[in-house]
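Proteins come first, then strands; the chains are lettered A, B, ... in the order of their sequence lines, and each starts at number 1.
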There are 2 protein chains.
Amino acid sequence: MARNDNSVNMKKTKDSYHHGDLRAALISEALKLLEKQDLEHLSLREVARNVGVSATAVYRHFPAKDDLLKALADHGLAMLGAQQKEAAAKARGRLAFAQTGRAYVRFALANPNLFRLIFAHMPARTKPGAMSPEGLPARLMQDFITMDVGPKASTEQVFLSALRAWSIVHGLSMLILDEQVDRKVAEGLIDRVIA
Amino acid sequence: MARNDNSVNMKKTKDSYHHGDLRAALISEALKLLEKQDLEHLSLREVARNVGVSATAVYRHFPAKDDLLKALADHGLAMLGAQQKEAAAKARGRLAFAQTGRAYVRFALANPNLFRLIFAHMPARTKPGAMSPEGLPARLMQDFITMDVGPKASTEQVFLSALRAWSIVHGLSMLILDEQVDRKVAEGLIDRVIA
DNA sequence: TCGCTAATGTTTACAGTGGTAACATGGCGC
DNA sequence: GCGCCATGTTACCACTGTAAACATTAGCGA
């Protein structure tokens, strides 16, 4: 028998059969792991092991690994949105808009794996016509855009403008994360790329 | 014993022990598989199986899975570059430049998995100062940029302009692939986003 | 033409992974 | 006080990447 099957090392501190709030613990541990290793090396078993629970216990809270990942993505997205909002609050008008973009990139650089996870596991958030639903970072952008382009602009023009803005910040984030562009240099240019 | 070990079904057509050009066959098969399934479901064993060779034979040509992936990425990058060049040849000046950007996005949409693979496995292609080495799509862009900004622009200005352009096309590609934005709608706007 | 060697494939084996099924525990409502 | 059922655990399974040992043969020098 392999040394490493489902009977992982249990926590010794508490011998309580039930955990208390395993779901939250799993998410929190997974987020912690994502700070140090990338998505493809994040295994359910490791998360369970670190939390001190058997590997299959996870399935009581998430039907499949992907559902855990979705939960992580939601968490990450909320963080991103919060940071954007916070950044926007420190300025006004166009500048405030630029700040949300910069915050977007900064978030990506600060949480590379989480950032990737967000976009790797959140398809179909958008319906035709609407850029994105309530609460999403893009929603924030869209509000600014409307302000920017003027209230009389056509829906398509708003969309176009938002798409352009989002593309820039997202593309810049990705290119830096994927090391397509020298990180140090690009980091220094963020504020000028996103004007 | 599992039904499925390394002794995969061999090809019956040829009973030659040696394959001939296994390396090329592996790459070609892997590329074919990438047209139908995404990167995380691409397994060495499946590639080997389809080529009609044992799983470990792969290791005679690639030290590890990642090296196969790198080879695929190179292949994909060459394709991308070729398509950009071709697109550029059909126009002149600014428009030609826009065409390379549009070709970039079109390539991403036409080869989603390969496109992702390219950027997931080609870090460290760039040195500080130089945007990218010879032959890369970005190199092509940089030439245009120089033309666009004027030959007297500072290195930093060229870099900035190139970074912005690349970010837009890359970001747009990613957002559409990751379904963050309605595909149909966004596709129709490509030419206007990249002006 | 023979035979040796290096290149190329194959077999076997192993640790790790996501996931299912059957069983164990114990907290909470009656 | 007791029983149910949500939550955990143990056994498995198929599959993956990869290492080690063995097999085959292409091709080169004698």
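Across C/dG18, D/dG8, D/dG17, the shortest atom-to-atom separation from the side chain of A/Y59 is found for C/dG18. For B/S54, counting side-chain heavy atoms from C-beta on, the closest listed nucleotide (C/dG18, D/dG8, C/dG9) is C/dG9.
Residues satisfying the salt bridge (charged side-chain N to carboxylate O under 4.0 Å, His left out) test with A/R183, not counting sequence neighbours, are A/E187. For B/D38, there are no salt bridge (charged side-chain N to carboxylate O under 4.0 Å, His left out) partners two or more places apart in sequence or in a different chain. Here A/E156 pairs with B/R192 under the salt bridge (charged side-chain N to carboxylate O under 4.0 Å, His left out) rule; sequence neighbours left out. Qualifying side chain to side chain donor-acceptor pair (under 3.5 Å) partners for B/E29, counting only residues two or more places apart in sequence or in other chains: B/N50.
At C/dA7, none of the side-chain N or O atoms of B/H61 fall inside 4.0 Å of OP1 or OP2 (strictly under the cut-off).
Remark: C1' of C/dG9 and CG of B/D21 are 15 Å apart, rounded to the nearest angstrom. Atom CG of B/L68 and atom P of D/dT16 are 14 Å apart (whole Å). The distance between atom CG of B/L44 and atom C1' of C/dT17, rounded to the nearest whole Å, is 16 Å. Between B/L22 atom CG and C/dA7 atom P the separation is 16 Å, expressed in whole Å. Following rounding to the nearest Å, B/F62 (CZ) and D/dT16 (C1') show an atom-to-atom distance of 18 Å. In this structure, the CG atom of A/L26 is 15 Å from the C1' atom of C/dG18, given to the nearest Å.
Remark on DNA chain C: of its neighbouring residues A/R60 and A/S43, the 5'-side contact belongs to A/S43, judged by nearest-heavy-atom nucleotide. Position along DNA chain D of the nearest nucleotide to B/D66 versus A/R23 favours A/R23 as the more 5'-ward residue.
Taking every heavy atom of residues 27-42 of chain A and every atom of DNA chain D, no pair lies under 4.0 Å.
For A/R45 against C/dG18, a side-chain N or O and a base N or O form a donor-acceptor pair under 3.5 Å. A donor N or O paired with an acceptor N or O is found under 3.5 Å between the base of D/dT10 and the side-chain atoms of A/T56.
No donor-acceptor pair closer than 3.5 Å links the side chain of B/S161 to the backbone N or O of B/Q157.
In B/H75, the NE2 atom is not crowded: 12 or fewer heavy atoms of neighbouring residues, nucleotides or ligands sit closer than 6.0 Å.
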Name every donor-acceptor pair, under 3.5 Å, that has one atom in a side chain of residues 106-120 of chain A and the other anywhere in the protein, sequence neighbours excluded.
{"unit_1": "A/N111", "atom_1": "ND2", "unit_2": "A/F107", "atom_2": "O", "d": "3.0"}
{"unit_1": "A/N113", "atom_1": "ND2", "unit_2": "A/L34", "atom_2": "O", "d": "2.7"}
{"unit_1": "A/N113", "atom_1": "ND2", "unit_2": "A/Q37", "atom_2": "O", "d": "3.1"}
{"unit_1": "A/R116", "atom_1": "NH2", "unit_2": "A/D178", "atom_2": "OD1", "d": "2.2"}

